[in-house]
Chemist: 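One structure, as structure tokens, below. Some questions next.
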Amino acid sequence: MIGSKFPRISVPRTVGVRARLLAIVLIPSLALLATGIGGATYLVQDGRKANRFAELASGTTAPAILMVEAFQEERRISLLHLAGDNSAAPNLPASRKQSDLALAAVAAQGEAVSELRPDLASNIDGYNELYKQLPGLRAGIDARVLPAPQVFAVYSQIIQVITLASLLAAEVAPDAGVAVELYKAVHALRAAEAVSRTSSLGSVAVLTDELAPETLAELSGYIGDGRGEIAYVGAVLTGVRLEQWKRITSGPEWQRVVAMEDAVLQRGPIPAVDRKASDIELPMDVTEWQTAAGKVRTDLLQLWEDQSADAHVTATNSGNEISRNSILGGAAVFSLALLAFLGALLLANRFIGRMKRLRRDTLELADERLPETIRQLSGGKTVGDGEIARLDYGTDEIGQVADAFNRAHGAAVAAAVAESQTRAGVNAVFLNIAHRSQVVVHRQLGLLDKAEREEESPERLDLLFELDHLATRARRNAENLIILGGEQPGRRWRNPVPLVDVIRGAVAESQDYTRIHIGRLPDTQVTGAAVADVIHLLAELADNATAYSPPESRVEITGNLVGRGAALEISDQGLGMSAEELAQRNAVLSDPPDFSVAALSGDARLGLFVVAKLAVRHGISVRLSESDYGGIKAIVLIPAELTTPEPIAEQPRGFQGLGNYPGAYAQPAGISAAPEQPAALTQRPGLPRRQRTTDNHPGTS
């Protein structure tokens, strides 16, 4: 329908024009504002992350150095004790206490470490088992039952945790510059650990006067690692830290450590079975070596701490600068976007006002005036040009939009006029053809009645009955057109008719009547004004049931009285329908659409249109559902207003008056004669009641 399509096109398009106008004006300003605020927010957060990193990293550096020094010292004293140095034992309790304090300090920073790097915290947690071995390890050291290599390896693994933590912290640095500075500091830490390992392992060899070839190779590796790390640190450091490195490497302690390491390597391996003293003289004893190595180790750890602190200061300064610049840049972008926004609103204000008025007028025209005009046209009223409202908004772009809507409005009205005229013409043609066909069929039925009464040959009488049945169906087809055209068929009954006779009349009008079986029915009557339409409605449903079910199957009609009236069920054994089809058919039956040529051509089951029209006319409820046989069951509820109790009266079996049996004049062939009946209620002469000679017919009593 034109009236239903027009609002769907006009209203969204009107809103869309306004939205597009606002978008053209506001989107650039909003985009600039969002970009500035988003960028500033991101950079401010980035600066805060840099500050937070510096805070967390600087807080964990001091405990880490304390832990490295403590466990390096405990490792040195433990190895000396295992090597037989009796002076080392008294120092073990103090060194172990210092290690425990350092470990507790690192554990206290666990939350900060977790925030700094979650996977770093889990990695350190993985060494908890290693830390749990300390009591047993220390007991074994005290009893001197553990080999020195095992003790050396355990303490080295513990110290390696701190080196790993330093590397992981550098990976999460806020920028590449800070990360590079932290990586430089890690090399000083590695150099300090290499010097500590060398002095601890070498001191054991000197004290025991035993140096296996594999131990010598390990010791040589530590010496090479330490000197390589020292050289790399000197190559990458600058400024104050480079001067600090120079003081370490040019100091007497470093020179003495280097000389001692070289001497140990030159002596070579000392087998356990032949501890012959080497000809090479060592420049220091074990105590002096330990003291010099300890001083170098402490200086390198201090260099690591100072270099890390420099990186932390750099991160803090970088974060502060980023935050400050971001806030200033965000404020500038916000000011620019605000000025652009205000300027755009100022320029677009009058256009938006006109668009609002256009929207209001077009909605009023589409929602109120146009539907009213179409309703008047559908009702047959003519509408003049002066009655069609028009929008006038000048000749600019908005005026052109209004003019386009005026043209669409005029086209809609013209289409509605043409449709109304077409529907009126088609409806008139339908009714004209239907009435002519109805007159011809009535005459044909009258002639068939006369021929049936005068014919005595059973064979010809059967043929006449078949023709009578076909003519009855032709009359129903003509009545279908009259019903769809909005008028009522000509058949009328003044008195109520028993429900069983109404159903028999409907069966008699069905094409494949021999397959229809009538079951138990209630004793009630249908009011005379509704008899013709109820017969027509039931005949259409019965025809559908026989047409869409196998030819050898039965169609059952049963009924009973319910609280709201008489309920009838017409069940077939066909293939049924899908749930979607059932829903569509029931929607048509409950609320029949306007009948049109399009509806006729688009639906093959036109009988449902007729059923729906008749049902709505009398308030009859018709609903389709799945039957017990897998086919379709039509449930017809005839309201109590259309029924009356059936009077108690005895009539001869096999005898029905036309007032009681509306379909008597349309009996099929093969019926034997009975006494003639009155014709007062049919508008046509009565026909005799006949009994089938071969098998039972659904119309027989």
Side-chain angles (χ1 to χ4, degrees), residues 466 469-470 472-474 476-477 479-481 483-484 499 502-521 533-560 562 566-593 595-616 620-638 663 666 668 695-699:
E466 291 292 337
H469 183 65
L470 292 175
T472 301
R473 287 181 52 78
R476 181 154 57 89
N477 289 336
E479 290 177 350
N480 282 348
L481 292 178
I483 293 171
L484 295 175
L499 178 62
V502 172
I503 295 176
R504 287 170 177 168
V507 171
E509 293 189 8
S510 300
Q511 179 178 2
D512 203 354
Y513 58 87
T514 58
R515 293 169 48 203
I516 303 175
H517 293 259
I518 302 175
R520 183 180 181 86
L521 295 173
D533 288 343
V534 173
I535 291 175
H536 202 124
L537 182 149
L538 295 175
E540 290 292 341
L541 292 175
D543 261 359
N544 272 351
T546 56
Y548 294 98
S549 60
E552 69 279 359
S553 63
R554 296 173 49 166
V555 173
E556 300 284 345
I557 301 180
T558 58
N560 62 302
V562 294
L568 304 177
E569 295 184 358
I570 304 174
S571 304
D572 63 50
Q573 303 177 19
L575 297 178
M577 301 180 186
S578 64
E580 183 179 358
E581 289 178 321
L582 277 176
Q584 293 175 352
R585 304 300 178 188
N586 284 323
V588 172
L589 290 171
S590 62
D591 186 16
F595 180 73
S596 63
V597 176
L600 274 174
S601 61
D603 198 315
R605 303 187 181 187
L606 297 179
L608 290 182
F609 281 94
V610 177
V611 171
K613 290 287 187 180
L614 295 175
V616 171
I620 300 174
S621 171
V622 181
R623 184 173 60 86
L624 302 180
S625 63
E626 186 176 353
S627 73
D628 297 336
Y629 309 105
I632 296 299
K633 175 169 61 178
I635 303 174
V636 181
L637 178 61
I638 302 175
D695 56 358
N696 292 331
H697 179 263

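Just the heavy atoms: all of them, side chains too, but no hydrogens, waters or symmetry mates, feed the values below.
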Chemist: For the residue pair Glu569 and Lys633, what are the closest heavy atoms and their distance?
Modeler: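 Residues Glu569 and Lys633, closest heavy atoms: OE1-CD, 3.5 Å.
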Chemist: Can you see which heavy atom on Arg515 is nearest to which on Pro551, and at what distance?
Modeler: CD-O, 3.1 Å
Chemist: If you compare all heavy atoms of Val611 against all heavy atoms of Glu540, which two are closest, and at what distance to 0.1 Å?
Modeler: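 Heavy atoms only, the tightest pair is CG2-CB, 3.6 Å.
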Chemist: Nearest 0.5 angstrom please: Asp543 CG to Thr546 OG1, how far?
Modeler: 5.0 Å
Chemist: Could you check whether any side-chain heavy atom of Ile638 comes within less than 4.5 Å of a side-chain heavy atom of Leu499, counting everything from C-beta outward?
Modeler: yes
Chemist: Among Leu568, Leu614, Val610, exactly one meets side-chain contact (heavy atoms from CB on, under 4.5 Å) together with Leu537. Which residue is that?
Modeler: Leu614
Chemist: For the atom pair CD1 (Ile570) and CG (Asn544), what is the distance rounded to the nearest 0.5 Å?
Modeler: 9.5 Å
Chemist: Looking only at atom types and distance, does a side-chain atom of Arg623 sit under 3.5 Å from a main-chain N or O of Asn586, one as donor and one as acceptor?
Modeler: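 No, the answer is negative, given that no donor and acceptor are paired below the 3.5 Å cut-off.
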Chemist: What do you reckon, is CD of Glu580 surrounded by more than 12 foreign heavy atoms closer than 6.0 Å?
Modeler: no
Chemist: CD1 of Ile516 to CZ of Arg554: how many Å apart, nearest 0.5 Å?
Modeler: 11.5 Å
Chemist: Please report the shortest heavy-atom distance between Gly574 and Asp572, naming the atom on each side.
Modeler: N-OD1, 3.0 Å
Chemist: From Ile632 CD1 over to Met577 CE, what is the distance, rounded to the nearest 0.5 angstrom?
Modeler: 5.0 Å
Chemist: Please give me the minimum heavy-atom distance between Ala545 and Val555, naming the atom from each residue.
Modeler: CB-CG1, 3.7 Å
Chemist: Please report the shortest heavy-atom distance between Leu521 and Gly559, naming the atom on each side.
Modeler: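 Nearest heavy atoms, Leu521 then Gly559: CD2-N, 3.7 Å.
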Chemist: What distance separates Leu541 CG from Ile635 CD1, expressed to the nearest 0.5 Å?
Modeler: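 CD1 of Ile635 is found 11.5 Å from CG of Leu541.
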